[in-house]
2 protein chains.
Amino acid sequence: MNGTDCAIMLVDDHAVVREGYRSVLQKQPGLRVVAEACDGAEAYRLFKSAKPDLVIMDLSMPGIGGIEAVRRIRQWDKAAKILVFTMHQNAGFAVQAIRAGARGYVTKTSPPETLVRAVMDVLAGKIAISPDIDHELALSRLSGESSAADVLTAREFEVLRLLLAERSTDEIAETLHVSPKTVANLHSLIKDKLGVGSDIELVRLALRQGLLTQVDLGEA
Amino acid sequence: MNGTDCAIMLVDDHAVVREGYRSVLQKQPGLRVVAEACDGAEAYRLFKSAKPDLVIMDLSMPGIGGIEAVRRIRQWDKAAKILVFTMHQNAGFAVQAIRAGARGYVTKTSPPETLVRAVMDVLAGKIAISPDIDHELALSRLSGESSAADVLTAREFEVLRLLLAERSTDEIAETLHVSPKTVANLHSLIKDKLGVGSDIELVRLALRQGLLTQVDLGEA
DNA sequence: CAACCGCCGGGAAAATTTCACGATCTTGCT
DNA sequence: AGCAAGATCGTGAAATTTTCCCGGCGGTTG
């Protein structure tokens, strides 16, 4: 599927950005944009009918986000080739994306050639990571910054997610059917494990690691 | 400057997005892209030499952000026409942008025609706000959601900024040369005025209102 | 089986948040 | 000028929360 025409699907909620993709990609012979979606749900639906050779996927989108869309598409077609193209210059997001089944991760700050190169690499079966993310990943390894998901147990992670999403300790206790005391204990333990002193730092860490996206906060 | 050629400068840190702008704009006769910048500082520098008729400006950029860039450009040229084009579908950001001197605010989710229309309107001397933001603004007025900056005094706002940026109460007290006790009192008062119960909600509110941008958190 | 670990919570000490109260200073109004 | 309002800063004490230490329960592993 490399030698001749390759069908590509674009997924991004910003029309102007899709216009940009198209402008960059159509300069490459052998690439055709056959479908466009503006959120994760539409991406999944269109993928099944269009069966593109490659998906270029944004992460931050309304409703079903990019990570979840990658997961669903890969579940439907284990061989799907998905290249994540996002503004998030963040090792945490990259790890999540690759784990979800993406074949590449390129940031939007990258020059167009990097995108084209990544498209070609992924089509050729390779994994494509843009240089800035390579660097981020290297740094996070060197500094031993264990991504929250690793150091926390499943339960702790669940509590953290609720702490960031819900309002009070008592509400979380009710959701989990445990005593408020337990939630408070977990809350404290989480801050300890993550090495933060205050809730504010906790939120900042979560944002940095991509546990929370800025759009999640709007619908509070 | 409307009838014939209009010189436009693009400011966005994502190359592919600039490509998208160009692709959309060049379909309009009479518009020429004469300069491109990828951060606020470069935008200010280039504006002074290129003197474009219109600037299309993104908000979230590394270093000097879009709001500050708008402010500086308007300070240098009171007649500068700047159209903010951003992903933030957020009344708070829009208010900040217009106060800083922008002549328009359009979100990236808008269809290309909306952008083109806004460009024309701003060039014609009008103020252009995209419909979704109009709606957001209306909602925020109706719900009486007073933007943090309004209900807080200057001092309180400063403390809030430090709370979100620095680490401990004591560090903030030292920076402000007041007793830690005062900072704690202010901290409490701020949460009261903003109607939030926990620090986590405080951060979420701040994010929603654009007091803190996601990029600010990276360099923590 | 014994040892360990995640999970759940009680109790008490420690720390923090909240509240009530002045004192001082600026600002705006008459 | 005189006065009222409110912003700022601080104190101290009460109320609440956070933190720490403890034990019990169930599952897994050596």
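Lettering of chains follows the sequences in order, A, B, ..., and the numbering in each one begins at 1.
Atom NZ of B:K193 and atom P of C:dT17 are 19 Å apart (whole Å). Straight-line distance from the CG atom of B:L152 to the C1' atom of D:dG6: 15 Å, rounded to whole Å. At whole-Å resolution of the value, CD1 in A:I190 and C1' in C:dG6 are 13 Å apart. Rounded to a whole Å, the CG atom of B:L189 is 14 Å from the P atom of D:dG6. For the pair B:E158 CD and D:dT8 P, the interatomic distance rounds to 11 Å; values are reported in whole Å. Protein atom CG of A:D170 is 10 Å distant from nucleotide atom P of D:dT18, rounded to whole Å. Summarising the geometry, the separation between NE2 on B:H187 and P on D:dT17 is reported as 15 Å, rounded to the nearest angstrom. Per the geometry, CG belonging to A:L176 stands 12 Å off C1' belonging to C:dC7, to the nearest Å.
In this structure, CG in A:L137 is found 9.5 Å from OH in A:Y105, a value given to the nearest 0.5 Å.
Within the structure, a side-chain polar atom (N or O) of B:T153 is placed less than 4.0 Å from OP1 or OP2 of D:dT8. Under 4.0 angstrom from either OP1 or OP2 of D:dT19 there lies at least one side-chain N or O belonging to A:S188.
For A:D121 and A:R103, the salt-bridge test fails: no basic side-chain N is under 4.0 Å from an acidic carboxylate O. One finds a salt bridge joining A:E68 and A:R71 here, because a Lys/Arg side-chain nitrogen approaches an Asp/Glu carboxylate oxygen to under 4.0 Å.
Comparing atom distances between the A:N185 side chain and each of D:dT8, C:dG9, C:dC19 picks out C:dG9 as nearest. If you check D:dT19, D:dC9, C:dC8 against the side chain of A:K181, the one that comes closest is D:dT19. For B:A184, counting side-chain heavy atoms from C-beta on, the closest listed nucleotide (D:dC9, C:dC7, C:dT18) is C:dT18.
A:L207 places a side-chain heavy atom less than 4.5 Å from the side chain of B:L207.
At a threshold of 4.0 angstrom between heavy atoms, the contacts of B:S179 are confined to the sugar-phosphate backbone, with no base atom among them.
Counting non-hydrogen atoms of neighbouring residues, nucleotides and ligands closer than 6.0 angstrom, the CD atom of A:E174 reaches no more than 12 such neighbours.
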